[in-house]
There are 2 protein chains.
Amino acid sequence: MAWMDALNRYREHPERYVAHGDGDDDLPVLYFDSDAVVLRDMFPKATVHLLVIPRPAEITFRHPAVALTREVQDTIQLAIQWAKNYTFAQFVDQFPESLSSYDLQKFITEFVLVGVHSVPSMSNMHVHVISRDFHSPSLKHKKHYNSFNTAFFVPWDQLPLESPPDKTQAELTIKNTPLKCSYCRRDFRNKFKALKEHLDEEFHNHFNKS
Amino acid sequence: MAWMDALNRYREHPERYVAHGDGDDDLPVLYFDSDAVVLRDMFPKATVHLLVIPRPAEITFRHPAVALTREVQDTIQLAIQWAKNYTFAQFVDQFPESLSSYDLQKFITEFVLVGVHSVPSMSNMHVHVISRDFHSPSLKHKKHYNSFNTAFFVPWDQLPLESPPDKTQAELTIKNTPLKCSYCRRDFRNKFKALKEHLDEEFHNHFNKS
DNA sequence: TATTCCGATAGTGAC
DNA sequence: GTCACTATCGGAATGAG
Ligand SMILES: Nc1ncnc2c1ncn2[C@@H]1O[C@H](COP(=O)(O)O)[C@@H](O)[C@H]1O
Ligand SMILES: Nc1ncnc2c1ncn2[C@@H]1O[C@H](COP(=O)(O)O)[C@@H](O)[C@H]1O
Ligand SMILES: [Zn+2]
Ligand SMILES: [Zn+2]
């Protein structure tokens, strides 16, 4: 199933996919070293949504929730930090006025999520680094949103888990947890459209270019 | 709720709504006497779909499954028979070649359903007389189809029942019974669109104007 | 808990 | 199980000398 393996090319040959930085290319790789690759998620679920892919073939197909031991985490820590800094830089660039009240640490702590999905779909191990606005046209349904806003999302600091999460239980968590605004926790039950409109309001209240 | 009472005008004043028979009027009443009115269903679920409405005010709001006693049935029997004959005549008129293998009795027995819904929505008591092709643009979802093709439909010959059917049970029957072709019993599970396409094929295999 | 397309299911409003 | 509109939920395909 080829779509599952779409991330592998970036792991094996990141140098072939390096973004030019001229703004109108669609090459995704932003950073790489011998241990990890940082790239733009092709279907970003927020204003900034990056993937950090560990490169070693021996671990790429293991479950991230158990394979991301402290030792493995250490090997990609530089890439993770690069991604977090990049996220902040993107917001500073796009919304300089709104970001004046944040410093790097405060912004990252309060507004950047780092972690993995309980049940990934893509075969190659990857870590999500994503801004918590969830303001994006690619965020299209409840599963997208709840995969980052429920226990389905396993934060970096809680890794590794002792055993891989149960798939059925994880599915129920996604399906049955009511949608809650990531800013104010307001409960939208299963009203995804209403949540989207509210997230749009929240975003424009928090960030603007003027 | 006015929509529930839409049939009442035909019960009270059938003479105001008599079809001209010139083909391009939308007046629905085809026959009436002092006991009953026969009219075209406004949203026909098959090629011919008629309603027979008993006229007495004393029984019009009672549940048809229990109020259509043998005595009441007798009073509208003429109208019922008129509707069955009309259904046959319509098919003979539209598909003379295809109908040559049928006589009136065979056609009515095999291809005309007469009965009531376990849980009617329209307030005024009415009996459905409908051809079993279910080939109509107004047949738009599973509920429409299963309301004539499951135990939700109570045939004329089984009336009256001892007590009104349980609403919840009737709803489950509609929802959970798989869709089966009324001609060949083929099972379409919950695939309504596929059933529609198959019914279209069946119809054109059984009936054509050439 | 990949995307996309399509269709089935469900809630609402109707004066 | 009135209709018509919207939105949510759900399965299937996704490849291709
Ligand atoms: N071809 C692709 N290139 C880059 N990212 C992708 C591609 N296909 C899917 N994705 C993203 O990969 C992520 C996989 O998430 P998951 O497997 O659930 O942890 C999702 O956020 C997708 O948007
Ligand atoms: N205004 C109307 N005039 C004639 N028939 C109608 C009207 N509104 C609904 N119907 C039909 O009345 C029938 C009522 O079905 P039921 O109450 O389920 O037995 C349905 O077949 C509708 O298509
Ligand atoms: Zn909010
Ligand atoms: Zn069939």
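Computed from a predicted structure; not experimentally measured. Quick note on labels: first sequence line is chain A, next is B, and so on, each numbered from 1.
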Chemist: For the residue pair A:Y86 and A:W82, categorise the inter-ring angle as parallel (less than 30°), tilted (30 to 60°) or perpendicular (more than 60°).
Modeler: parallel
Chemist: Separation of B:K142 atom NZ from C:dA8 atom P, in whole Å?
Modeler: 9 Å
Chemist: Give the minimum heavy-atom separation between B:R40 and B:L27, together with the two atoms involved.
Modeler: NH2-O, 2.9 Å
Chemist: Return the value, rounded to whole Å, for the distance between atom CH2 of A:W3 and atom P of C:dA2.
Modeler: 7 Å
Chemist: Between A:F95 and A:Y102, is the ring centre distance below 6.0 Å?
Modeler: no
Chemist: Tell me which nucleotide, if any, is Watson-Crick or G-U wobble paired with C:dC15 when both distances must be under 3.5 Å.
Modeler: none
Chemist: Would you check if the distance from the ring center of B:Y145 to the ring center of B:F188 is below 6.0 Å?
Modeler: no
Chemist: Figure out the CD1/P separation between B:I174 and C:dT9, and round it to whole Å.
Modeler: 12 Å
Chemist: Please tell me which of the listed nucleotides, C:dA2, D:dT2, D:dC9, lies nearest to the side chain of B:M122?
Modeler: D:dT2
Chemist: NE2 of A:H128 versus P of C:dA2: gap in Å, rounded?
Modeler: 9 Å
Chemist: Using atom P in both nucleotides, what's the gap between D:dG17 and C:dT4 to the nearest angstrom?
Modeler: 23 Å
Chemist: Using a cut-off of 4.0 Å on non-hydrogen atoms, how would the nucleic acid contact of B:S147 be classed: base, sugar-phosphate, or nothing?
Modeler: sugar-phosphate
Chemist: Return the value, rounded to whole Å, for the distance between atom CG of B:L7 and atom C1' of D:dT2.
Modeler: 9 Å
Chemist: For the residue pair B:F148 and B:H49, categorise the inter-ring angle as parallel (less than 30°), tilted (30 to 60°) or perpendicular (more than 60°).
Modeler: perpendicular
Chemist: Whole angstrom is fine here: how far is it from OH in B:Y145 over to P in C:dA8?
Modeler: 14 Å
Chemist: Under 4.0 Å: is that the gap between some side-chain N or O of B:K175 and OP1 or OP2 of C:dT9?
Modeler: no
Chemist: For the ring pair A:Y10 and A:H126, is the centre-to-centre distance below 6.0 Å?
Modeler: no
Chemist: Just the table, please: protein N/O against nucleotides 3-7 of chain C N/O, every pair under 3.5 Å.
Modeler:
{"unit_1": "C:dT3", "atom_1": "OP1", "unit_2": "A:K45", "atom_2": "NZ", "d": "3.0"}
{"unit_1": "C:dT3", "atom_1": "OP1", "unit_2": "A:H144", "atom_2": "NE2", "d": "3.3"}
{"unit_1": "C:dT3", "atom_1": "OP2", "unit_2": "A:H144", "atom_2": "NE2", "d": "2.8"}
{"unit_1": "C:dT4", "atom_1": "OP2", "unit_2": "A:K140", "atom_2": "NZ", "d": "3.1"}
{"unit_1": "C:dG7", "atom_1": "OP1", "unit_2": "B:K193", "atom_2": "NZ", "d": "3.2"}

Chemist: Would you mind reading off the distance between A:H49 atom NE2 and C:dA2 atom P, rounded to a whole angstrom?
Modeler: 11 Å
Chemist: Using whole Å, report how far CG of A:L179 lies from C1' of D:dT8.
Modeler: 11 Å
Chemist: What orientation do A:H141 and A:H144 show, parallel under 30°, tilted 30 to 60°, or perpendicular over 60°?
Modeler: parallel
